[in-house]
Amino acid sequence: MPEPIVRFTPTNLAGFVVTLAATSPARLADELHKVFAGANRYFAGEVAVLDFREVTEWPTHVDWAGIAALMRRIGLQPVGVRGVPEPFHTALARLNLALLDAISPEYGAQPTPHATVAVAPERTALPAATPEATQAAPNDSPRSASRIIDRPVRSGQQIHHPDGDVILMNGVNPGGEVIAGGHIICWGPLSGRAIAGAYGLETARIFAHRFQPELVAIAGIFKTFEQGVPPVLAGKPVQVRLEPTPETAEMRLQFDILEL
Amino acid sequence: MRIVVVTSGKGGVGKTTTSAAFATGLALRGYKTAVIDFDVGLRNLDLIMGCERRVVYDFVNVIQGDAKLHQALIKDKRVESLYILPASQTKDKEALTETGVEAVMDELQQMGFDYVVCDSPAGIEHGALMAMMFADEAIVVTNPEVSSVRDSDRILGLLQSKTRRAIEGREPIKEHLLITRYNPKRVEEGEMLSYKDILELLRVPLIGVIPESEGVLHASNQGEPVILIKEDKAAQAYDDVVGRFLGENRPLRFTTYEKPGLLKRLLGGG
């Protein structure tokens with residue numbers, strides 16, 4: 001029997017609830033500027049639910065496109081809203097923003113009374129770690145904990161994959177950053193930043209086909225290359241791993257040239 | 001209708017010169033083409049196209065409903081089927097709303113345009129994001145120097161994440177790399193990155209290399225797209241770019257430096 005070409009699989013996507021206590025894009029932009037110091041794409045494209053339940057005074061017109069654009073500017077992808085009065089619903093539908101009040105109203109961050117913009121992280125547990133999730137999707141196809149990135153990771157881009165390895169098929173350019181819970185395997189030049197074992201995995205390694213990074217780190221132990229990568233390593237296939245120093249047993253980064 | 005954004009990140013690399021030349025090149029081949037200046041507040045395209053004295057209404061007027069699109073579009077006097085939509089010099093750049101830009105694009109489509117060329121402002125702020133938002137293809141303009149290449153890399157990342165095609169998960173924008181102000185002699189002497197170095201850094205298909213040329217400055221002061229100055233090497237290189245964009249096979253020119261021979265030096269040519 002052929003595989004069906006459309007399949008529905010329940011998922012717990014990582015995302016954020018962004019509580020907004022004002023609706024003027026200018027005011028929100030101001031506040032976001034304070035929080036993120038003007039950094040564009042602070043987030044890595046996670047989905048966001050915009051919660052407006054703390055708004056006390058509603059203007060007659062709200063620039064929803066402007067608010068959505070603000071969220072995208074910091075790297076969030078708004079998918080829906082909560083706590084928005086009925087007159088605005090058609091405007092929201094035009095922007096394809098879902099009204100999520102009816103769906104699991106308890107899902108969300110606690111209101112924070114002080115901040116105008118409260119950004120509440122809401123990472124749901126790994127699907128693999130929750131037995132319910134595995135039971136809920138018995139027909140789920142086998143899933144890899146690794147993430148493969150086919151395009152070059154470019155300046156200003158960040159690949160954040162806390163749940164496993166990242167395999168880069170087209171290198172990391174200067175100013176690009178890859179953060180993996182597990183290993184980082186990089187085909188093509190590694191010219192940006194590579195952070196493996198980001199959540200403390202000391203056995204994580206970094207493999208680079210052409211080693212010329214700005215920074216490498218494993219389990220929090222990092223090295224920058226201010227004076228450039230040492231000529232013996234530069235541009236070579238290199239593996240980076242953690243190893244205890246013989247004298248103190250303290251962990252340090254070890255660089256090995258690989259034979260290809 | 002295909003929407004093409006000409007962008008770079010860095011300023012002063014030749015975006016507007018490229019937009020003018022490229023749009024003119026498409027129109028010369030009979031395609032109905034509009035070129036839009038997204039640099040609200042600065043306004044350069046109309047100068048380069050030599051129509052600054054004919055500007056009555058602008059892009060922002062159209063978006064805000066103060067003028068109809070056909071009133072604001074300026075028909076080029078030299079090339080049939082070429083139209084210019086100038087930027088506003090007085091309005092705030094936030095006036096370019098996403099819905100407003102989209103409405104203009106829809107209307108251009110209805111008017112039967114084949115190509116819309118969006119001349120992006122420098123930077124990665126609102127105006128630049130609006131210029132790329134609806135694009136189907138992107139020409140990323142880079143100069144052969146490290147900071148320009150880095151900025152282009154940044155812009156390529158944004159093209160993959162901030163555009164309608166990316167947001168809606170459609171087929172990604174088709175990217176083209178255009179290297180301008182290329183000086184083969186300085187590349188030879190190691191003062192400039194070679195186009196091969198740039199290609200290796202950015203890993204995007206190359207659509208052309210425009211040599212550094214006096215003609216470009218001269219043309220922009222005259223208010224004439226450089227592509228119309230047929231004998232100029234930059235004009236010929238831009239013509240190659242248009243050809244390649246339309247699927248023709250044109251070998252690279254003007255990328256190698258030939259040392260002047262003894263005879264030429266003695267005769268004082270060169």
Side-chain angles (χ1 to χ4, degrees), chain A residues 24-26 29 33 38-41 43-48 61 63-79 91 94-97 149-159 168-178 187-192 210 212 214 235, chain B residues 7-10 63 92-103 123-130 132-133 138 140 142 145-164 166-169 171-175 177 193 197-205:
Chain A
S24 146
H33 191 84
N40 276 317
R41 285 198 72 76
F43 297 97
E46 288 96 339
V47 299
H61 175 80
D63 181 5
W64 296 108
I67 295 174
L70 274 180
M71 291 299 128
R72 284 195 287 269
R73 195 175 303 171
I74 56 171
L76 289 174
Q77 180 59 51
V79 294
R94 255 201 304 275
L95 287 170
N96 293 323
L97 286 171
I149 310 290
D150 287 309
R151 301 198 134 215
V153 178
R154 300 195 177 275
S155 175
Q157 286 184 321
Q158 190 194 56
I159 303 296
L168 302 147
M169 299 309 294
N170 229 321
V172 183
N173 285 2
E177 184 171 72
V178 178
W187 289 95
L190 173 60
S191 315
R210 251 159 68 204
Q212 46 199 50
E214 294 168 332
Chain B
T7 184
S8 72
K10 200 170 166 62
I63 283 178
D92 190 74
K93 64 180 190 301
E94 302 297 320
L96 290 179
T97 60
E98 201 172 318
T99 44
V101 176
E102 187 169 22
I124 53 172
E125 299 309 316
H126 186 73
L129 293 181
M130 283 303 117
M132 68 171 70
M133 182 59 76
V140 177
T142 302
E145 47 151 322
V146 177
S147 66
S148 175
V149 173
R150 175 74 71 98
D151 287 359
S152 294
D153 194 40
R154 183 86 171 84
I155 281 288
L156 284 162
L158 295 179
L159 287 168
Q160 290 157 26
S161 61
K162 298 279 187 159
T163 53
R164 270 292 167 87
I167 292 164
E168 290 171 359
E171 191 189 325
I173 285 193
K174 194 169 172 195
E175 300 158 339
L177 177 65
L193 293 172
D197 293 339
I198 300 170
L199 266 180
E200 190 176 308
L201 280 162
L202 294 177
R203 303 191 283 287
V204 170

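Scope of the values below: all heavy atoms of this structure, side chains included, with no hydrogens, waters or symmetry mates. Numbers restart at 1 for each chain; the letters A, B, ... are given by sequence-line order, proteins then strands.
Chosen from B:E98, B:R203, B:H126, the residue pairing most often with chain A at heavy-atom distances under 4.5 Å is B:R203.
Both the backbone and the side chain of B:L202 come within less than 4.5 Å of a heavy atom in chain A. When heavy atoms are compared at a cutoff of 4.5 Å, A:N170 approaches chain B by way of both its backbone and its side chain. Neither the backbone nor the side chain of A:R94 comes within less than 4.5 Å of any heavy atom in chain B.
Checked against side chain to side chain donor-acceptor pair (under 3.5 Å), B:E171 has no partners two or more places apart in sequence or in another chain. Remark: B:D151 pairs with no residue by the side chain to side chain donor-acceptor pair (under 3.5 Å) rule, at least two apart or across chains.
Using a cut-off of 4.0 Å between Lys/Arg side-chain N and Asp/Glu carboxylate O, A:E214 and B:R150 are scored as salt-bridged.
The CD1 atom of B:I167 sits 6.0 Å away from atom CD of A:Q77, with the distance rounded to the nearest 0.5 Å.
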